[in-house]
Amino acid sequence: MPAGVVNSASRFMAHPPLLRLLIGGKLLKGGSTFTVLNPATGKELLQCPSATPEQLNDAIKSASKAFTTFGSKVSIKEREKMLFNAADKIAEHSDELAHWLTLEQGKPLRDARFEVRATVDQMKLKQDTSVIDSKILRDTNKERATLVYKPLGVVGAIAPWNFPLLIAATKVSIAVLTGNTVVFKPSPCTPVTSLMMGSIIHECFPPGVVNVIAGGNDIGERLVAHPDIAKISFTGSVPTGKAIRKACTDHMKRCTLELGGNDPAIVLADADVPRAAKGIFSTAFANTGQVCCAIKRVYVPRALHAEFCESISGFAQAATVGDGQEKATTHGPLQNKMQFNKVTELLQDTIANGATVHCGGLPTDLSGAGGYHFPLTVVSGVDDESRIVSEEQFGPVLPILAYDTEEEAIERANNTRFGLGSSVWGTDLDHCVDVGMQLNSGMMWVNKHLDLPATDPFGGHKESGLGREGGESGLKAYVEEQMVLVRKA
Ligand code: NAD
């Protein structure tokens with residue numbers, strides 16, 4: 001057995017788990033290691049293997065080779081079977097995955113278990129693949145014209161740190177289902193469960209079909225730049241997404257970009273305030289605000305503003321921020337120091353500009369030395385130009401803004417370079433839809449937010465992204481059309 005190869009799938013469940021890169025069907029050590037922190041303590045969690053540039057090239061080479069005998073030559077049914085098998089294997093390891101997900105990401109164990117279940121569902125996903133079946137467009141005495149959908153080749157998939165396991169499963173499952181092979185790179189902040197997943201599922205696919213590597217941003221850059229990558233599927237921040245789009249033009253790579261958001265929620269005058277406050281609280285502070293399409297600013301009629309602020313603050317005050325391993329914790333820490341500093345800076349700016357802080361406030365220890373815990377905070381008395389309203393906070397500080405007319409609320413909600421999600425809250429559902437249809441976002445919800453069935457297309461308008469993942473458009477983004485014209489006479 002070559003040096004560094006580990007064949008036993010059971011060893012990565014030790015404490016700490018034996019983490020390995022998955023390259024060409026083999027579980028390998030990296031060229032070096034990097035430190036992964038536990039966000040609840042700010043202390044080292046473990047050392048993670050880091051792929052060398054040569055290992056990245058090996059992964060891409062294996063994926064290219066695997067594509068020649070996978071792609072169009074393995075039926076969708078067989079590919080689905082492989083994914084189902086992988087899902088069952090992940091389910092068998094649910095407890096360990098949830099445990100390490102909490103330790104690396106910070107989310108409460110209950111939420112980690114939910115993410116593992118969603119990961120299993122995602123792998124088992126029964127997408128309507130008939131949308132990528134070949135279609136006869138014309139069949140006459142003279143010619144037959146068929147539209148064929150072909151997989152693209154090797155997909156380079158790159159993820160952020162908020163839902164590491166679910167995003168990994170989403171990208172891997174869609175790539176495989178559509179007949180592509182994949183090299184997946186998690187965030188260096190949260191590589192643990194993605195590598196564990198690679199080890200758990202590595203025997204479910206022919207060698208090289210699924211590769212999982214870990215490393216810093218430089219490995220991501222190299223992955224994007226590699227000429228043998230046919231498509232990049234990226235989830236992360238707007239600036240990185242823009243850099244990736246530029247880098248993709250060189251080889252005319254396809255790319256799907258799922259980027260940041262600054263989702264508005266508009267509460268209408270006929271809304272049931274406590275009900276709307278409850279729904280908005282749960283979807284603004286989910287994952288401690290670290291969700292691309294969490295509610296990040298709320299527009300409320302001036303007459304309801306005080307009642308709404310009081311109601312939503314009540315929910316925030318009843319929450320318990322802490323270590324996700326503690327039973328009582330409802331909201332974990334921010335995932336990393338950079339994010340902790342960013343949210344701190346935004347709240348300092350908000351307070352310095354005279355905002356009212358209804359609950360929460362700055363962390364008592366701004367050094368983050370004891371973990372990146374941040375109080376759930378509700379603010380008002382800020383204007384639309386303030387940083388907390390115009391930037392993506394990606395953390396637990398929610399501005400509540402008063403409005404006088406619906407037209408004004410719609411205009412202010414749309415006055416952003418983001419366009420991921422939006423929602424409208426009220427009693428007259430037809431009117432809610434009328435208002436919501438005027439919002440520019442990839443998803444618009446009424447009386448809910450952040451509901452993302454995996455079979456629906458997901459993606460953003462404007463700078464929130466390009467293309468869709470999931471649904472018909474999501475599947476089509478992983479294949480190329482080919483027109484086949486046969487002359488008969
Ligand atoms: P990020 O852009 O800093 O990093 C994301 C990933 O890209 C990481 O794996 C990183 O190593 C890699 N990377 C960094 N620079 C790169 C480069 N030049 N080339 C290739 N890869 C590179 O984002 P983050 O801080 O990890 O995540 C937070 C952001 O992600 C937020 O803006 C959030 O809204 C967004 N996000 C979007 C969605 C969505 O589906 N729209 C979902 C989750 C998070």
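Remember, it's 1-based here, ligands and their atoms both numbered in the order they're listed.
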Looking only at heavy atoms of [X], does any of them come nearer than 4.0 Å to an atom of ligand 1?
| X | result |
| --- | --- |
| G215 | no |
| A159 | yes |
| F458 | yes |
| A243 | no |

Determine, considering heavy atoms only, which of [options] sits nearest to [atom].
| atom | options | result |
| --- | --- | --- |
| atom 42 (C) of ligand 1 | T240, T235, L420 | T235 |
| atom 30 (O) of ligand 1 | G156, G236, P164 | G236 |
| atom 10 (C) of ligand 1 | N217, T170, I167 | N217 |
| atom 33 (C) of ligand 1 | F394, F163, F418 | F394 |

Verdict with reasoning, V155 to T181, per side-chain contact (heavy atoms from CB on, under 4.5 Å): CA-CA 6 Å; V155 173; T181 58; over 6 Å; no
Suppose I only count heavy atoms of [X] and a 4.0 Å limit; which atoms of ligand 1 are within that range?
| X | answer |
| --- | --- |
| K185 | 9 (O), 10 (C), 11 (O) |
| L259 | 37 (C), 38 (C), 39 (C), 41 (N) |
| P186 | 9 (O) |
| P188 | 11 (O) |

If we only count heavy atoms from C-beta on, is the V397 to T350 side-chain gap below 4.5 Å?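 Side-chain contact under 4.5 Å: no.
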Under a 4.5 Å cut-off applied to non-hydrogen side-chain atoms, are L109 and R113 in contact?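 Answer yes - side chains close enough.
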Backbone or side chain, does any N or O of [X] fall under 3.5 Å from an N or O of ligand 1?
| X | answer |
| --- | --- |
| E392 | yes |
| S237 | yes |
| I244 | no |
| S464 | no |

Show, in sequence, the C-alpha distance, side-chain angles and deciding distance for L420 and C292, and conclude whether the side-chain contact (heavy atoms from CB on, under 4.5 Å) test is met. CA-CA 8 Å; L420 197 52; C292 52; 3.6 Å; yes
Quick one: do the Y403 and E411 side chains pair a donor with an acceptor below 3.5 Å?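 No, E411 and Y403 have no side-chain donor paired with an acceptor closer than 3.5 Å.
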What residues form a side chain to side chain donor-acceptor pair (under 3.5 Å) with N440, not counting sequence neighbours?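 Counting only residues at least two positions away or on another chain, N440 forms no side chain to side chain donor-acceptor pair (under 3.5 Å).
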Tell me, please, which residues at least two apart from E480 pass side chain to side chain donor-acceptor pair (under 3.5 Å).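 Side chain to side chain donor-acceptor pair (under 3.5 Å) list for E480, sorted by chain: R254.
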Is the distance from the ring center of F394 to that of W161 below 6.0 Å?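 Yes, the ring of F394 comes within the 6.0 Å limit of the ring of W161, centre to centre.
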Top protein contact for [atom], by heavy-atom distance:
| atom | answer |
| --- | --- |
| atom 18 (N) of ligand 1 | E221 CG, 3.3 Å |
| atom 44 (C) of ligand 1 | N162 ND2, 3.4 Å |
| atom 12 (C) of ligand 1 | I158 CG2, 3.7 Å |
| atom 39 (C) of ligand 1 | C292 SG, 3.2 Å |
| atom 20 (C) of ligand 1 | G220 C, 3.2 Å |

Any ion pair linking [Y] and [X] (charged N to carboxylate O, less than 4.0 Å)?
| X | Y | result |
| --- | --- | --- |
| K448 | D451 | yes |
| D384 | R297 | no |
| R387 | E345 | yes |

Are there more than 12 heavy atoms of other residues, nucleotides or ligands under 6.0 Å from atom CZ of F34?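 Result for CZ/F34: enclosed.
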Just checking R245: does its CZ atom have more than 12 heavy atoms from other residues, nucleotides or ligands closer to it than 6.0 angstrom?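 No, because the 6.0 Å sphere around CZ of R245 holds 12 heavy atoms or fewer from other groups.
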